[in-house]
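Working notes, structure below.
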Amino acid sequence: MINHLLPDIYKHLENEYPKEGCGLITEDLKWIPMKNIAKENLEFEMEAKEFTIEMLKNKIIGVVHSHPTNDPTPSETDIKQCNGLNLDYFIIGLPDKKLYHLKPQRN
């Protein structure tokens, strides 16, 4: 689904390393890199205003972020945010670029 975007995604995530990198995927499968404003390296937080602007301008279908520890297994926070936003999460472990696709639980 996002395979054609992966070179650009990897570049952004590697530039953010050792912090978690993050961004958004649009319905027309475009990549929007976002700035991680979290204070901790092993967390990510998008600036609320920037996130809202992108949500208003584009139909967002997914959130991408990296795990700089190489393990893309979703954390409890990842699962809660994925379900809360009702958006797919694409988690990429660095430096090996392992991809985990987490889908929200829709009840």
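The analysis underlying the following values was restricted to heavy atoms, covering all of them including side chains, and did not include hydrogens, waters or symmetry mates.
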(request) Give the intermediate values and the outcome of side chain to side chain contact (heavy atoms under 4.5 Å, CB included) for residues L5 and V64. (result) CA-CA 11 Å; L5 302 174; V64 176; over 6 Å; no
(message) If you apply the rule side chain to side chain donor-acceptor pair (under 3.5 Å), what do you find for D28 with T26, and how did you get there?
(response) CA-CA 5 Å; D28 55 351; T26 66; 2.4 Å; yes
Side-chain atoms of residues 13-20: list all donor-acceptor pairs with protein atoms under 3.5 Å, sequence neighbours left out, distances to 0.1 Å.
unit_1, atom_1, unit_2, atom_2, d
E14, OE2, K97, NZ, 3.2
N15, ND2, K11, O, 3.3
K19, NZ, A38, O, 2.5

(request) Could you check if a side-chain atom of F90 sits within less than 4.5 angstrom of a side-chain atom of I9, using non-hydrogen atoms only? (result) no
(request) Please confirm whether the backbone N or O of W31 pairs with a side-chain atom of H12, one donor and one acceptor, at under 3.5 Å? (result) no
(message) Checking T73 against D78 for the side chain to side chain contact (heavy atoms under 4.5 Å, CB included) test, could you report, in this order, the C-alpha distance in whole Å, the side-chain angles of both residues, the deciding distance, and whether it holds?
(response) CA-CA 9 Å; T73 304; D78 292 334; over 6 Å; no
(request) Walk me through it: do V63 and L24 pass the test side chain to side chain contact (heavy atoms under 4.5 Å, CB included)? (result) CA-CA 5 Å; V63 173; L24 304 169; 4.0 Å; yes
(message) Let me confirm one number: the CD1-NZ distance from I37 to K39, rounded to the nearest 0.5 Å.
(response) 8.0 Å
(message) Quick check: do E50 and M34 have side-chain heavy atoms less than 4.5 Å from each other?
(response) yes
(request) Measure the NE2-CE distance between H101 and M1 for me, rounded to the nearest 0.5 Å. (result) 6.0 Å
(message) What I want to check is whether the side chains of T69 and D71 have a donor and an acceptor closer together than 3.5 Å.
(response) no
(message) I want to check something: taking the side chain as every heavy atom from C-beta on, are E43 and T77 in contact at a cut-off of under 4.5 Å?
(response) no
(request) Would you check if E54 and M46 make a side-chain contact, meaning some heavy-atom pair closer than 4.5 Å? (result) no
(request) Give, for atom CG of L102 and atom CG of L99, the distance between the pair rounded to the nearest 0.5 Å. (result) 11.0 Å
(message) Using the side-chain contact (heavy atoms from CB on, under 4.5 Å) definition, which of the options I92, L42, N41 pairs with P68?
(response) L42
(request) Answer whether the closest heavy-atom distance between the side chains of P104 and D88 falls below 4.5 Å. (result) yes
(request) Is it possible for you to say whether I32 and L87 belong to one hydrophobic cluster, with membership spreading through side-chain heavy-atom contacts below 4.5 Å? (result) yes
(message) Please determine whether residues L94 and Y100 belong to a single hydrophobic cluster, defined as Ile, Leu, Val, Met, Phe, Trp and Tyr linked transitively by side-chain heavy-atom distances below 4.5 Å.
(response) no
(message) Measuring only between side-chain heavy atoms, which start at C-beta, is F51 closer than 4.5 Å to L85?
(response) yes
(request) Of all the heavy-atom pairs spanning H67 and S75, show the shortest one and how long it is. (result) CE1-N, 4.5 Å
(request) State, yes or no, whether a side-chain contact exists between N70 and P95 at a heavy-atom distance under 4.5 Å. (result) yes
(request) Over 60° means perpendicular and under 30° means parallel, so classify the ring planes of H65 and Y89, tilted if in between. (result) perpendicular
